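Here's the structure we're looking at; comments come further down.
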Amino acid sequence: MTIQWFPGHMAKARREVQEQLKLVDIVFELIDARLPLSSRNPMIDEVINQKPRLLILNKADMADEAETRKWVQYFADKGHTAVAINSFEGKGLQSVTKAAKEILAPKWERMKLKGMKPRAIRAMIVGIPNVGKSTLINRLAKKNIAKTGNMPGVTKAQQWIKVGKEIELLDTPGILWPKFEDQEVGLKLAITGAIKDAVTNMEDIAVYGLRFLSIHYPNRMDERYGITSVSEDLVETFDHIGKLRRVYGPGGEIDYDKVAELIVRDIRDQHLGKLSFDIVDEELEKESLER
Ligand SMILES: Nc1nc2c(ncn2[C@@H]2O[C@H](COP(=O)(O)OP(=O)(O)OP(=O)(O)O)[C@@H](O)[C@H]2O)c(=O)[nH]1
């Protein structure tokens, strides 16, 4: 689903999430395991405020496993529990319920001491578009009930989905906007397919992808394209890949648009393996320079 994020829509999305937040004990913040920073809503801390939160790194099947492990540790160091899952195949779902119970254990203990009857934990999922919110809801509910997206102007009664005995999940996820201000974040969202191609230039995405690979995954690039770096003259690199993969136009010349598409498709379809585009060590370095 494509959403145009105009200021009015952002304000409405935020209001809706804040209304839903009143109903729940914990927020499941869904992020893309390939982009644990770039796929987060820029205002998320403010929106969620002090509500307990579990970070869920979804699509872990497509991310670099070593990076994902480091990201889970990174968030733990910042005081957030994070789990990595694959909603598509339903892998790691038990870690979600287990972590939610652990996060809320002190509160439940306090309730028990006050003589209150134990009840199910109420949760909701929040995340940017395309991060897998509906897929996860369906997986947790074990049947197809989540609607994709919400319709403007239609107020829908909230429904609770039972997840085992101990968790109740709101059937409508909170959809918040991605980061826009940073061009690199935009390219990262585009290369993973989180942003629709129509709003981004395919050549820019391909060039970004190749440069990223040459820095972080040169061996994978070598295996696929027989090169480990991107030439100063981009035409040279595109010619090389075009010839290698026989991407010719009707006149026998290299078709650069198609070469760009091929590179992006190769990356998205994992022909270069599992890739992460937010790199923990880079982030830690940035943070240490800012200090
Ligand atoms: N490989 C993989 N694909 C996934 C996973 N989770 C979701 N997907 C795919 O990601 C795409 C988006 O999933 P949705 O569940 O529609 O995402 P959403 O966050 O509900 O999207 P919006 O309705 O746009 O807000 C779909 O093609 C899913 O099949 C996962 O863990 N692994």
Side-chain angles (χ1 to χ4, degrees), residues 1-6 9-10 12-14 16-17 20 27-36 38-42 44 47 54-65 67-69 71-72 82-97 123-152 154 156 158-159 161 163 169-180 188-200 264-278:
M1 184 186 46
T2 314
I3 302 177
Q4 298 288 339
W5 291 104
F6 298 117
H9 296 152
M10 288 176 167
K12 183 166 180 275
R14 185 182 172 143
E16 279 174 2
V17 170
Q20 290 172 309
V27 175
F28 294 160
E29 184 192 344
L30 204 57
I31 53 187
D32 189 319
R34 297 166 296 175
L35 305 165
S38 304
S39 65
R40 297 182 84 183
N41 168 266
I44 194 73
V47 176
L54 170 64
L55 279 164
I56 303 179
L57 280 67
N58 191 38
K59 308 195 186 185
D61 53 306
M62 295 202 269
D64 179 335
E65 282 162 25
E67 276 304 316
T68 302
R69 274 195 297 276
W71 278 116
V72 168
V83 293
I85 66 163
N86 165 2
S87 309
F88 194 64
E89 290 176 10
K91 288 195 179 143
L93 298 190
Q94 272 140 352
S95 65
V96 173
T97 31
M124 71 173 290
I125 293 174
V126 168
I128 66 168
N130 206 39
V131 72
K133 297 179 294 300
S134 302
T135 309
L136 177 58
I137 291 175
N138 287 335
R139 273 286 166 197
L140 288 171
K142 298 197 180 83
K143 56 183 185 252
N144 270 5
I145 41 172
K147 311 267 182 304
T148 14
N150 54 357
M151 307 232 287
V154 179
K156 198 168 146 276
Q158 303 287 351
Q159 282 180 20
I161 295 162
V163 182
L169 183 68
L170 268 188
D171 71 338
T172 327
I175 307 175
L176 292 171
W177 61 96
K179 292 175 180 155
F180 294 119
K188 288 181 181 197
L189 289 167
I191 199 129
T192 53
I195 285 183
K196 294 286 166 297
D197 300 338
V199 295
T200 29
V264 174
R265 211 173 41 239
D266 269 0
I267 292 173
R268 285 187 189 160
D269 294 349
Q270 295 185 67
H271 293 305
L272 289 117
K274 296 171 192 272
L275 302 170
S276 292
F277 289 91
D278 281 341

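Any value given below was found using the heavy atoms of this structure, including those in side chains, with hydrogens, waters and symmetry copies removed. Just follow the structure's listing: the first ligand is 1, and inside any ligand the first atom is 1. Note that the coordinates shown come from a computational prediction; the quantities given were computed from them, not determined experimentally.
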To which of Leu30, Asn86, Asn130, Ile85 does the heavy atom nearest atom 22 (P) of ligand 1 belong?
Asn130
Would one find more than 12 heavy atoms of other residues, nucleotides or ligands at under 6.0 Å from atom CD of Glu65?
no
Do any N/O atoms on Gly132 end up under 3.5 angstrom from N/O atoms on ligand 1?
yes
Only residue of Leu55, Leu57, Thr68 satisfying side-chain contact (heavy atoms from CB on, under 4.5 Å) with Pro36 is Leu57
Looking at non-hydrogen atoms alone, which of Arg34, Lys133, Glu89, Arg139 comes nearest to atom 19 (O) of ligand 1?
Lys133
So if I count the atoms of ligand 1 from 1 in the order they appear, which ones are less than 4.0 Å from some heavy atom of Ser87?
6 (N), 30 (C), 31 (O)
Sole residue of Leu169, Val163, Ile56 in side-chain contact (heavy atoms from CB on, under 4.5 Å) with Val96:
Ile56
Is Met62 close to ligand 1, meaning an N/O of one under 3.5 Å from an N/O of the other?
no
For ligand 1, indicate whether the residue Asp61 contacts it via side chain, backbone, both or neither (heavy-atom separation under 4.0 Å).
side chain
Heavy-atom neighbours of Gln94 CD exceed 12 at 6.0 Å
no
Ignoring hydrogens and angles, tell me if any N or O in the side chain of Lys274 forms a donor-acceptor pair with the backbone of Asp61 under 3.5 Å.
yes
